[in-house]
**Student:** 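Mind having a look at this structure? Questions to follow.
Protein chains get the first letters and strands the later ones, always in sequence-line order, with residue 1 at the start of each.
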Protein chains: 2
Amino acid sequence: MTYDDFMSEPKRRDKAATRTALLDAARRRFTEHGFDGTGVRDIAADAGIDATLIFRYFGSKQALFEEAVHVAVPEGIGRRARAEPAALAEAMLREVVFAERAEPGGEHPLLVMLRSAGRPEVRARLREQVCGDYLADFAERLGGDDAELRAELVGALLIGIGVMRSVIDSPELSRVSFEQTRELVAAMVTALEG
Amino acid sequence: MTYDDFMSEPKRRDKAATRTALLDAARRRFTEHGFDGTGVRDIAADAGIDATLIFRYFGSKQALFEEAVHVAVPEGIGRRARAEPAALAEAMLREVVFAERAEPGGEHPLLVMLRSAGRPEVRARLREQVCGDYLADFAERLGGDDAELRAELVGALLIGIGVMRSVIDSPELSRVSFEQTRELVAAMVTALEG
DNA sequence: TAGCTTTGTCATCGATCGATGACTTACTTG
DNA sequence: CAAGTAAGTCATCGATCGATGACAAAGCTA
């Protein structure tokens, strides 16, 4: 079969494949241009799929966004984490900031949401996930008087690193290795433990 | 003169006042809803001014945005700063993150821009201002091998605190005093100096 | 193969967007 | 007061937005 034959053949119909193709394209678009900067027609065109199917399979652009940026907090990081503070921070740094994600888009949903922080619902979800899921038990592992505050400061550091890398694209932090970053972050976190 | 008389009187015509009224309203809207989430009609309505004047006085919505988030880096913070690293970080923390800005909107332009980080031009400006203007000489003050990297880490921490307060509205960092934050930040910055 | 369900396509709607140009009114200047 | 300019108003354009419903075609089942 020639290439032209292949291209002119009617496409195979596959609901699941269409859905994930839309999700992948959506993640890429939302990552680069944010929610408001992305149109349903852009997503559909990237995926080579009719835009109408977005509404049939996801209901609305908003619902597609939520499913695209949905993330399950990994075991060992969120609530009921058992590691020491410095090790916990390292795990979060690796998972959120330095994630080499297999899925297209390549960035952690938390950072994708930051690109759409103009929308109140997105900010609300960010707060839930960051303060609730990720930093929940971090304060307990830290201990001391103002543990919650110091936990949030670690969160701020990690988010800031993510912003420097993914939004600002700073010359150093964006290019340096995980190892090198890890050591410096560990020093800063340890300074909060005492 | 009664209230109704006052209200029915034709408005005084004042180009400068109209311009600043539009700028103030724009800052508020852009702060809360980002660039894409804000329409020129919203801004004009808030200011009680016809939307057409935005284009006469600023040329385009984009130009209005740029003027609204424009900021002059204060002496003693950016290039040619003379203070020690910890003191420099404190100055930036006060100026960028804890700024009680007189102008409406109440937030530093860098944080406003973060709400519109979906737009590439905004990201480019962010990089210029953060890495260029603000962190430029910070590395020199730090000294040592990977000074640039450690300077960017301080920038990441400050930006992260700003995000936690202004975007995520985290329970602790958003409500705690400048003094309390300052001490913990100083500890983290000092950990990078060694 | 006949009939039904699922999947994909097409035309289009109403709202909203940024932006333009013509027009009216107020203020200044001679 | 008359004329000219500056400031504000109004109608509207073309593009794009999210979303809907009718329709065509593919694939499964009997």
**Student:** If you measure only the distance, is there a donor-acceptor pair under 3.5 Å linking the side chains of B:Thr31 and B:Glu107?
**Tutor:**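 B:Thr31 vs B:Glu107: no donor-acceptor pair found between side chains.
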**Student:** What string of B, S and - do you get for nucleotides 10-22 of chain D, 5' to 3', if B is base contact, S is sugar-phosphate-only contact and - is no contact with any protein heavy atom under 4.0 Å?
**Tutor:** B------BBBBBB
**Student:** Could you give the CD1-to-P distance, from A:Ile49 to C:dG8, as a whole number of Å?
**Tutor:**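 Rounded to the whole Å, the gap is 7 Å.
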**Student:** Check the distance between D:dG8's P and B:Arg13's CZ and give it to me in whole angstrom.
**Tutor:**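 It is 6 Å, rounded to the nearest whole Å.
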**Student:** Between P on C:dC23 and CG on B:Leu53, what's the gap in Å once rounded to a whole number?
**Tutor:**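 Going from CG in B:Leu53 over to P in C:dC23 covers 18 Å.
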**Student:** To the nearest 0.5 Å, tell me how far A:Leu64 CG sits from A:Arg19 CZ.
**Tutor:**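 A:Leu64 CG to A:Arg19 CZ: 9.0 Å, rounded to 0.5 Å.
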**Student:** Output side-chain donor-acceptor pairs under 3.5 Å for residues 181-194 of chain B, partner residues at least two apart or in another chain, one line each.
**Tutor:**
from	atom 1	to	atom 2	distance (Å)
B:Thr181	OG1	B:Ser177	O	3.0
B:Arg182	NE	B:Glu179	OE1	3.2
B:Arg182	NH2	B:Glu179	OE1	3.4
B:Thr190	OG1	B:Ala186	O	2.6

**Student:** Please lay out, stage by stage, how A:Glu67 and A:Tyr57 fare under the test side chain to side chain donor-acceptor pair (under 3.5 Å).
**Tutor:** CA-CA 11 Å; A:Glu67 189 162 337; A:Tyr57 290 151; over 6 Å; no
**Student:** Minimum heavy-atom separation for A:Arg150 to A:Asp145, with atom names?
**Tutor:**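 Heavy atoms only, the tightest pair is NH2-N, 3.8 Å.
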**Student:** Assign B:Phe58 to base, sugar-phosphate, or nothing according to its heavy-atom contacts below 4.0 angstrom with the strands shown.
**Tutor:**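 Since no nucleic acid heavy atom lies under 4.0 Å of B:Phe58, the category is nothing.
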**Student:** Could you tell me which non-hydrogen atom of B:Phe65 sits nearest to which non-hydrogen atom of B:Met113, and how far apart they are?
**Tutor:**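 For B:Phe65 versus B:Met113, the nearest heavy atoms are CZ-CG, 4.4 Å.
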**Student:** If only side-chain N and O atoms of A:Thr18 are considered, is one of them under 4.0 Å from the OP1 or OP2 phosphate oxygen of C:dG8?
**Tutor:**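 Yes, within the criterion.
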**Student:** I need the CG-C1' distance between B:Leu22 and D:dA7, as an integer number of Å.
**Tutor:**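 One finds 13 Å between C1' of D:dA7 and CG of B:Leu22, rounded.
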